[in-house]
Amino acid sequence: MIYLDYQATTPLAPEVAAAMRLWTEEKFANPHSPSREGREAAAAIEVAREQVQQAIGLGGGSLAFTGSATEAINWAIKGTLEKSLPGRNRIVTVATEHAAVLDTCEWLGKRGVEVTCLPVGSDGLLSLDTLKAALNDRVALVAVMLVNNEIGVIQPVEEAARIAQAAGALMLCDAVQGLGRIEIPEGPDLVGVSAHKIYGPKGIGALWMRKGAEPAPLIHGGGQEQGLRSGTLSPALCTGFGVAAKLASTQFEQDREHVEALWNAIMPELDGWIVNGSTDLRYRGNLNIRRENIDAARLIGDLRDIAFSLGSACASGSGRPSHVLRAIGLSDREARSSIRLGFGRYTSKAELVGAIRRINEAAEAQERFAA
Ligand code: PLP
């Protein structure tokens, strides 16, 4: 199988699997217990916390582990609104955000919070003037993602944070697809990340919080994670996340150059395809492309040994065209003719080029059949 779905999830790095083994096969202490073994597990978690914070690269804040980035984002949004001053009851976000943001905002919208969802241009980018015009002194939170999971475009997060904070709002950045791929810019007050997008394990995410911007707790219980997020932490998952984050830091340049080389290798093979979203302001391990009149779902069905996806993993299977492709102005038909190829650390040039050639042949076969 050729795996080209790196936005959905990444393979577990062998270094991560090796580091987790100690905590799955040998040691089992509760990291919140005062026993020697418990303190050893707690110490391993603190090493991991430091490694994830270093990979995020923002100074002066703290980090709490969560069960996923979805949880981190739910917590950031709901907990910020809960803590905000009485007159600040508005959230401003963007039409192309992940469902973790949009659905949480919609849920709050049904409970009296005012939600403004800003449009993007045909390149998928948020205009800072549009953001500025949307802000007033009722906004508690602005949520703008770093790298879009469907089309890979990079939003102007640093500038957006400055604008949000000038209006007295906090800024949340969903950096799930950015961590380890591009630098996370200074500015956000809250940053959500996930281990399984950086070659770490599934089932663990984290929220980075600038001092003073900690949201009210979402999950109540034993008071773990500085009293902000209750629940026993898994030393295995935290260690896995930590080692994955350390690799993301130490291999950052190598990974970036590798993805750049893959992008350059695939470009000459794209005759007949149009890239969805900006080609410049984009993480290049995400190639979302469309081809007139092809049925992308059929293409995936025809090529079962190549793992790639429709425009969005979330839209896949639901029959609904992707909200992101719609937001950049594509018709339903164009969205249904779009595929996403995601590649990264373990993709070779030969398999990527081989895969796109086979995708091209299958697309041409569809075109011949339709003619
Ligand atoms: N945000 C973005 C941009 C994502 O791509 C994803 C995962 O698909 C998430 C949030 C949710 O992450 P998790 O799987 O850790 O809940």
Side-chain angles (χ1 to χ4, degrees), residues 3-12 16 52 55-56 63-78 93-107 120 124-126 143-155 157 160 171-182 184 188 190-208 218-219 229 231 233-234 237-238 240-242 244-245 248 277 282-283 285-288 307-318 322-325 327 340-344:
Y3 186 72
L4 296 178
D5 206 5
Y6 272 64
Q7 280 71 42
T9 195
T10 49
L12 196 68
V16 171
V52 177
I56 292 173
L63 183 116
F65 288 113
T66 59
S68 62
T70 299
E71 183 197 321
I73 289 166
N74 268 260
W75 173 25
I77 297 175
K78 294 177 185 171
T93 188
V94 186
T96 49
E97 292 291 303
H98 188 272
V101 169
L102 294 179
D103 287 15
T104 305
C105 290
E106 189 186 322
W107 187 87
V120 294
L125 298 173
L126 169 68
V144 181
M145 75 198 318
L146 183 55
V147 174
N148 186 273
N149 51 304
E150 293 193 35
I151 56 175
V153 301
I154 301 170
Q155 298 292 5
V157 163
M171 162 83 182
L172 164 66
C173 176
D174 170 353
V176 168
Q177 299 284 346
L179 182 64
R181 294 171 168 79
I182 66 166
I184 297 179
L190 298 160
V191 177
V193 293
S194 182
H196 75 100
K197 312 288 183 173
I198 62 161
Y199 311 98
K202 291 165 189 61
I204 182 162
L207 184 67
W208 179 88
L218 179 69
I219 298 192
R229 192 272 185 184
L233 290 176
S234 157
L237 292 176
C238 293
F241 197 177
R282 180 190 203 95
Y283 166 62
N286 177 323
L287 182 62
N288 192 316
F308 62 109
S309 105
L310 297 175
S312 152
C314 305
S316 301
S318 70
S322 136
H323 69 284
V324 174
L325 297 183
R340 183 185 66 187
L341 305 178
F343 35 89

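Each ligand, and each atom within it, is numbered from 1 in the order the structure gives. Not measured: the values here are computed from a predicted model.
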If the contact criterion is a heavy-atom separation under 4.0 Å, does Lys197 count as touching ligand 1? yes
In ligand 1, the atoms that come under 4.0 Å of a heavy atom of Asn149 are 3 (C), 5 (O)
Distance-only, no hydrogens or angles: does the His196 side chain make a donor-acceptor pair with backbone N or O of Ser68 under 3.5 Å? no
Do Gln155 and Thr96 make a side-chain contact, defined as non-hydrogen atoms from C-beta onward lying under 4.5 Å apart? yes
Any atoms of ligand 1 less than 4.0 Å from a non-hydrogen atom of Gln177? List them with their elements. 3 (C), 4 (C), 5 (O)
Atoms of ligand 1 less than 4.0 Å from Met145 heavy atoms? 3 (C)
Is the backbone N or O of Ala99 less than 3.5 Å from a side-chain atom of Glu106, with the two atoms forming a donor-acceptor pair by type? no
Any idea which atoms of ligand 1 are less than 4.0 Å away from a heavy-atom of Ser194? 13 (P), 15 (O)
Looking at non-hydrogen atoms alone, which of Ile73, Asp174, Thr9, Thr70 comes nearest to atom 2 (C) of ligand 1? Asp174
Of all the atoms in ligand 1, which lie at a distance below 4.0 Å from a heavy atom belonging to His196? 13 (P), 14 (O), 15 (O)
Spell out, as yes or no, whether a donor-acceptor pair under 3.5 Å connects the side chain of Asp5 to the backbone of Ala307. no
Which of the numbered atoms in ligand 1 are under 4.0 angstrom from any heavy atom belonging to Ser68? 15 (O), 16 (O)
I'd like to know if the side chain of Arg340 reaches the main chain of Asn149, judged simply by a donor and an acceptor atom lying under 3.5 Å from each other, with no hydrogens or angles considered. yes
Is the backbone of Thr10 close enough, under 3.5 Å, to the side chain of Lys197 for a donor and an acceptor to pair up by distance? no
